[in-house]
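Here is the structure we will look at, set down as structure tokens.
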2 protein chains.
Amino acid sequence: MDTNSPSTPALRPPGRPIGRPREFEIEEALDKAIVVFSERGYHAASISELKEAMGLAAGSLYKAFKDKKAIFLASFDRYKQVRNALLESEIAKGENGRDKIFRMLRFYAEASEGETGRRGCLVVGTATELAIADADAAERVRLSHARSEALIESLLREGQADGTIAAGVDPPQTAKILLCIMQGMRVMGKTGADTGHAFLVAETAMKLLD
Amino acid sequence: MDTNSPSTPALRPPGRPIGRPREFEIEEALDKAIVVFSERGYHAASISELKEAMGLAAGSLYKAFKDKKAIFLASFDRYKQVRNALLESEIAKGENGRDKIFRMLRFYAEASEGETGRRGCLVVGTATELAIADADAAERVRLSHARSEALIESLLREGQADGTIAAGVDPPQTAKILLCIMQGMRVMGKTGADTGHAFLVAETAMKLLD
DNA sequence: ATAATTTGGAAATGATCGTTCCCAAATAGG
DNA sequence: CCTATTTGGGAACGATCATTTCCAAATTAT
């Protein structure tokens, strides 16, 4: 006997919200916005450009997001989520601490080459363009850097524990310079002259683990 | 006997140009513009802001410079000139190749700390904000990077020649990563949390010379 | 069915942007 | 002294910006 008959349909899922349903996926739209913000930066990315890239009218945009800054912050958060997921799955393939560090460096090197390199990193772009003027943006950049630094540090300790990284290496200090190198690769990638440049940097950086 | 008497005054200095003389020093005005462009970036720096910072009216600005982009490029060139002069005089104090490399790293570390760190580097800002959209800006960034890389490489060779840098160090490869570190320091400096951070990075980087 | 609510889409809005124009002031040449 | 030229300064201009408004369409709830 089915007690939840048509008499109590209000307790079904959270149910579909009332009103006309949204005709686009927010995350798909944000993925398009990420490209625009990465290539053009925050200020040069106009609502017109975002509209066209995201395939939305102004009305729809402003019903989904409070204002331009909200679109940007949502794009930033989505960017971090996607990139972090990719990075973590790459690191997970590593066999030991040293290998994991190398995979992380290679991950950034690959992103710094070719078209994605020219497109740029949203974190680096936000740091340089918005950190000084917008507290919310600055806080997101700080959090991103802090988490990366903590991740690197833990991988360094893992490497020291499994014997693949020299005991003399100072994890906090080395984590700082490795993060610095990854950010630097993204800057160099914006005008990336020669291909393979970033991979050479990644390999050379491994010297810091000896 | 003075043949260039008042009869041929046209051969005196290049002489003062005709018309009302300019009442401000272009280089002083550019120094103010550099601060605005560094802090705000190209697009967020409005002509109104530049006018106020440079102490000029719109008319005067546009008589001295073709357009906003020309103000920016002149600021960039001035920035490079001033910073390069400071860097070279710092490097000149070095006693050997290794010491010169360390002084260069310290020079970037100092610029990455505190208020100048938060203000940011005009080269890094130009790379991230303009390189993809403006060929002139991109070319200047590429030239700046190429010259820095060449300078570092020559210092590395100097250090190998005087015995302060290990012979096993690969100058081109190590120059690339050191430049990468310097650019990265400037990115980290934008949200610079803890002071001294950049100096620790500079010291750790010296490990790459062993 | 009807009301309530939310979205899609395009037109309208006010602000600000970069740039030009205009006139008075300052200089050089004749 | 007069003309030509250049700058200083501010008003004026058209374009574009981010945002709002308005109406038809789509959905849920009653």
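In what follows, every heavy atom counts, from backbone to side chain, and hydrogens, waters and symmetry copies are set aside. Every chain is numbered from 1 and lettered A, B, ... according to where its sequence line falls, protein lines coming before strand lines. Note that this is a predicted model, so its numbers are computed, not measured.
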- Taking only heavy atoms on the protein side, list every residue of residues 66-76 of chain A lying under 4.0 Å from any atom of DNA chain D, sorted numerically.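 Correct list: A/D67, A/K68.
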- Message: Any residue in residues 34-43 of chain B with a heavy atom nearer than 4.0 angstrom to DNA chain C? Just list them by number, or reply none.
- Response: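 Result for residues 34-43 of chain B: none.
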Has [X] got more than 12 heavy atoms of other residues, nucleotides or ligands less than 6.0 Å from its [atom1]?
{"X": "A/E139", "atom1": "CD", "value": "yes"}
{"X": "B/K80", "atom1": "NZ", "value": "yes"}
{"X": "B/Q81", "atom1": "CD", "value": "yes"}

- Item | Closest to side chain of B/S48, choosing from C/dC17, D/dT27, C/dA28 |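 It is C/dC17.
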- Does OP1 or OP2 of C/dG8 have a side-chain N or O of A/R20 closer than 4.0 Å?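 Indeed not, no polar side-chain atom of A/R20 lies that close.
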Length of the [atom1]-[atom2] vector between [X] and [N], whole Å:
{"X": "A/I47", "N": "D/dA15", "atom1": "CD1", "atom2": "P", "result": "21 Å"}
{"X": "A/I18", "N": "C/dT2", "atom1": "CD1", "atom2": "C1'", "result": "14 Å"}
{"X": "B/Y62", "N": "C/dC21", "atom1": "OH", "atom2": "P", "result": "13 Å"}
{"X": "B/L50", "N": "C/dC17", "atom1": "CG", "atom2": "C1'", "result": "12 Å"}
{"X": "B/R22", "N": "D/dG9", "atom1": "CZ", "atom2": "P", "result": "13 Å"}
{"X": "B/L61", "N": "C/dC17", "atom1": "CG", "atom2": "C1'", "result": "14 Å"}
{"X": "B/E52", "N": "D/dG10", "atom1": "CD", "atom2": "P", "result": "13 Å"}

- Do we get B/R22 above B/F24's six-membered ring, with its NZ or CZ under 6.0 Å from the centre and within 45° of the axis?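 Cation-pi check for B/R22 and B/F24: passes.
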- Taking only residues two or more places apart in sequence, or in another chain, which ones meet B/E158 in a salt bridge (Lys or Arg N to Asp or Glu O under 4.0 Å)?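 Salt bridge (Lys or Arg N to Asp or Glu O under 4.0 Å) list for B/E158, sorted by chain: B/K100.
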- Query: Mind checking what makes salt bridge (Lys or Arg N to Asp or Glu O under 4.0 Å) contact with A/R147, not counting sequence neighbours?
  - Reply: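 By the salt bridge (Lys or Arg N to Asp or Glu O under 4.0 Å) rule, A/R147 matches no residue at all.
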- Message: Classify B/F65 by what it touches in the nucleic acid, base, sugar-phosphate, or nothing, heavy-atom distance under 4.0 Å.
- Response: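 Nothing, no heavy atom under 4.0 Å.
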- Task: Describe the nucleic acid contact of A/A44 in one word from base, sugar-phosphate, nothing, applying a heavy-atom distance below 4.0 Å.
- Result: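 No contact.
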[atom1] of [X] to [atom2] of [Y]: how many Å apart, nearest 0.5 Å?
{"X": "A/F72", "Y": "A/L30", "atom1": "CZ", "atom2": "CG", "result": "12.0 Å"}
{"X": "A/C180", "Y": "B/I181", "atom1": "SG", "atom2": "CD1", "result": "6.5 Å"}
{"X": "B/I152", "Y": "B/L178", "atom1": "CD1", "atom2": "CG", "result": "5.5 Å"}

Could you go through nucleotides 9-15 of chain C and list every protein N or O atom that sits under 3.5 Å from one of its N or O atoms, giving the distance for each pair?
from: C/dG9; atom 1: O6; to: A/K63; atom 2: NZ; distance (Å): 3.3

- Message: So that I can tick it off, tell me whether A/E153 and A/K176 are bridged by a salt bridge, with the cut-off set at under 4.0 angstrom between side-chain N and carboxylate O.
- Response: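 Answer for the salt bridge query: no.
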- Message: List the residues meeting side chain to side chain contact (heavy atoms under 4.5 Å, CB included) with B/K69, not counting sequence neighbours, and say none if there are none.
- Response: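 B/Y42, B/D67, B/L73, B/D134, B/D136.
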- Query: Which residue, B/E90, B/E113, B/E203, forms the salt bridge (Lys or Arg N to Asp or Glu O under 4.0 Å) with B/R106?
  - Reply: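 Of B/E90, B/E113, B/E203, salt bridge (Lys or Arg N to Asp or Glu O under 4.0 Å) with B/R106 is met by B/E90 alone.
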- Would you kindly compare B/S46 and A/G19 by the position of their nearest DNA chain C nucleotide and give the one closer to the 5′ end?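 This one resolves to A/G19.
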